[in-house]
Amino acid sequence: MEITPYADPLMVMLVSGYFVKVPLLSIKEQLKEVLEMAPEEGIQTEIEKTSSHIKEKYGFDESILRVSKVGSKLFIEVDFIVDTHKWEPSIKDQDRIREEFFER
């Protein structure tokens, strides 16, 4: 049969392709973490919902959200822009808001 000489090289190419794919996907994920990129979409969405809820509840004018994931650590920075003519939160208020964010 004329296909027989090509069967072995074809199988080697298929298996090699699979074994190259796995490390490349792993490298891609690790590179995201090294560059401190945003976490998976589900995690990001939950954090955005929590930030929006607190922003609306306390009447903040604006919020700035930064989220990055490195290994098993999740870094969240939320800056709420406050109009000091409306309300100037005390340290106790800020701690309460931080605790509420953490609990949600």
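The side-chain heavy atoms of F101 and I97, taken from C-beta on, include no pair separated by under 4.5 Å.
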Pairs under 3.5 angstrom only: tabulate donor-acceptor contacts from the side chains of residues 73-83 to other protein residues two or more places apart or in another chain.
residue : atom : partner : partner atom : Å
E77     : OE2  : R66     : NH1          : 3.0
D79     : OD2  : R66     : NH1          : 2.8
D83     : OD1  : H85     : N            : 3.1
D83     : OD1  : H85     : ND1          : 3.2

Extract all donor-acceptor atom pairs below 3.5 Å that involve side chains of residues 39-49 and protein atoms in other chains or at least two apart in sequence.
residue : atom : partner : partner atom : Å
Q44     : NE2  : E48     : OE2          : 3.4
T45     : OG1  : E41     : O            : 2.8

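Remark: K86 engages D61 in a salt bridge (charged side-chain N to carboxylate O under 4.0 Å, His left out) (not counting sequence neighbours). Applying the side chain to side chain contact (heavy atoms under 4.5 Å, CB included) test to S26 and every residue at least two apart in sequence or in another chain returns Q30. With sequence neighbours left out, the side chain to side chain donor-acceptor pair (under 3.5 Å) criterion links K57 to E100. Listed by chain and number, the residues in a side chain to side chain contact (heavy atoms under 4.5 Å, CB included) with D95 are I91, R98 (sequence neighbours excluded).
K55 and S63 get closest at one heavy-atom pair: CD-OG, 3.8 Å.
Cluster annotation: V15 is not connected to M13 through the hydrophobic network of ILVMFWY side chains, with a link wherever side-chain heavy atoms come within less than 4.5 Å.
Atom NZ in K21 sits 14.5 Å away from atom OG in S16 (nearest 0.5 Å). Rounded to the nearest 0.5 Å, atoms OG (S90) and CZ (R96) are 7.5 Å apart.
Y58 and W87 have parallel rings, their planes meeting at less than 30° on a 0 to 90° scale where 60° marks the start of perpendicular.
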